[in-house]
Amino acid sequence: MRPFQSNARLPCDTLANLKGADILIMGMGRVGSGAYDAMNDAYGIRVCGIDSDTRQVTRLQQAGRNVILGDAEDADFWEEVEQATLKLVMLAMPTLGDMVQTVTRLPKIGDHGPITAVAKYEDERSQL
């Protein structure tokens, strides 16, 4: 499908710029937002959150958080994300499948340090 894509980007297809981020939190719902606040308060280092919900991202940005729009399930997101050197990646996504898929794609963004994830059930821990 790439030959049929337009060169002009839609406003929602802006590049995810992770430059300067030390900690990346994927999924900015209740758990991810709590992790964001804890990391920001405890370490005072640059934290960046990513979420696929436009309204959630807008609300969090208006609250002064460094959050960008991005969908970890979208292959284009991983093709276009800016390279970064991260110290930690935290996965706070709603499903195990999303998190497993994200782990396999993380090398595309560069060095990412350790990966942490939230498991809802005991059997998910071993898969993660």
Side-chain angles (χ1 to χ4, degrees):
M1 297 300 292
R2 288 213 187 268
F4 299 104
Q5 287 185 328
S6 168
N7 288 334
R9 290 189 180 278
L10 297 173
C12 62
D13 287 337
T14 57
L15 290 176
N17 185 349
L18 304 178
K19 297 240 188 258
D22 290 317
I23 296 175
L24 177 64
I25 300 174
M26 304 281 300
M28 290 297 294
R30 183 178 52 84
V31 173
S33 292
Y36 180 100
D37 292 340
M39 290 292 120
N40 196 44
D41 291 346
Y43 298 104
I45 56 179
R46 188 161 159 95
V47 181
C48 180
I50 296 179
D51 201 275
S52 61
D53 183 332
T54 305
R55 283 182 266 155
Q56 176 79 337
V57 169
T58 301
R59 184 179 65 77
L60 293 169
Q61 287 173 341
Q62 289 172 345
R65 292 183 177 134
N66 180 30
V67 179
I68 55 178
L69 184 64
D71 185 355
E73 294 180 65
D74 182 0
D76 287 340
F77 170 79
W78 294 103
E79 293 295 324
E80 302 296 334
V81 69
E82 296 283 335
Q83 291 287 304
T85 300
L86 302 166
K87 295 178 180 168
L88 175 67
V89 175
M90 303 179 82
L91 304 179
M93 301 155 83
T95 69
L96 175 65
D98 292 347
M99 291 187 282
V100 169
Q101 184 180 50
T102 298
V103 168
T104 63
R105 291 180 172 173
L106 275 172
K108 291 188 178 201
I109 65 171
D111 296 329
H112 56 70
I115 302 168
T116 65
V118 176
K120 292 181 186 176
Y121 306 104
E122 189 63 32
D123 62 327
E124 291 181 349
R125 289 178 59 171
S126 61
Q127 292 178 47
L128 288 169

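Every value quoted in this text rests on a predicted model; they were computed, and no experiment measured them.
- Residues Asp37 and Arg65 form a side-chain contact, since some pair of their non-hydrogen atoms from C-beta on lies under 4.5 Å apart.
- Residues passing the salt bridge (Lys or Arg N to Asp or Glu O under 4.0 Å) test with Asp71: none are found, sequence neighbours excluded.
- Within the structure, salt bridge (charged side-chain N to carboxylate O under 4.0 Å, His left out) contacts touching residues 25-34 (residues at least two apart or in different chains) do not occur.
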Check the pair Val67, Ile50 against side-chain contact (heavy atoms from CB on, under 4.5 Å), reporting the backbone distance first and the verdict last. CA-CA 6 Å; Val67 179; Ile50 296 179; over 6 Å; no
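- Following chains of ILVMFWY side-chain contacts shorter than 4.5 Å, one cannot reach Val118 starting from Ile115, and the two form parts of different hydrophobic clusters.
- Residues that satisfy the side-chain contact (heavy atoms from CB on, under 4.5 Å) test with Ala117, not counting sequence neighbours, are Leu91, Met99, Leu128.
- Looking only at side-chain heavy atoms (C-beta outward), Leu88 and Thr116 come within less than 4.5 Å of each other.
- Listed by chain and number, the residues in a side-chain hydrogen bond (donor to acceptor under 3.5 Å, both in side chains) with Arg59 are Gln56 (sequence neighbours excluded).
- Screening residues 87-99 for side chain to side chain donor-acceptor pair (under 3.5 Å), with sequence neighbours left out, gives Thr95-Asp98.
- In plain terms, the two heavy atoms of Ala92 and Val31 that are nearest each other are CB-CG1, 4.1 Å.
- Both Val103 and Leu24 sit in one connected hydrophobic cluster of ILVMFWY residues. Membership requires side-chain heavy atoms under 4.5 Å apart, directly or through other members.
- Between the Ser33 side chain and the Met28 main chain, a donor and an acceptor come within less than 3.5 Å of each other.
- Summarising the geometry of Ile68 relative to Gln61, their closest heavy-atom pair is CA-NE2, 4.3 Å, with the distance given to 0.1 Å.
- Pairing each heavy atom of Met93 with each of Met26, the nearest pair is CG-O, 3.3 Å.
- Across Ala72 and Thr102, no two heavy atoms sit closer than the pair CB-OG1, 3.4 Å.
- Counting only heavy atoms from C-beta outward, the side chains of Leu86 and Ile23 never approach each other to under 4.5 Å.
- In this structure, the side chain of Asn66 engages the main chain of Val47 through a donor-acceptor pair within 3.5 Å.
- In terms of heavy-atom proximity, Asp51 sits nearest to Gly29 at OD2-N, 3.9 Å.
- Of all heavy-atom pairs between Ala21 and Cys48, the closest is CB-CB, 3.8 Å.
- Legend: salt bridge (charged side-chain N to carboxylate O under 4.0 Å, His left out) pairs involving residues 117-128, not counting sequence neighbours, sorted by first then second residue: Glu122-Arg125.
- Taking CG from Asn40 and CD1 from Ile45, the interatomic distance works out to 9.0 Å, rounded to the nearest 0.5 Å.
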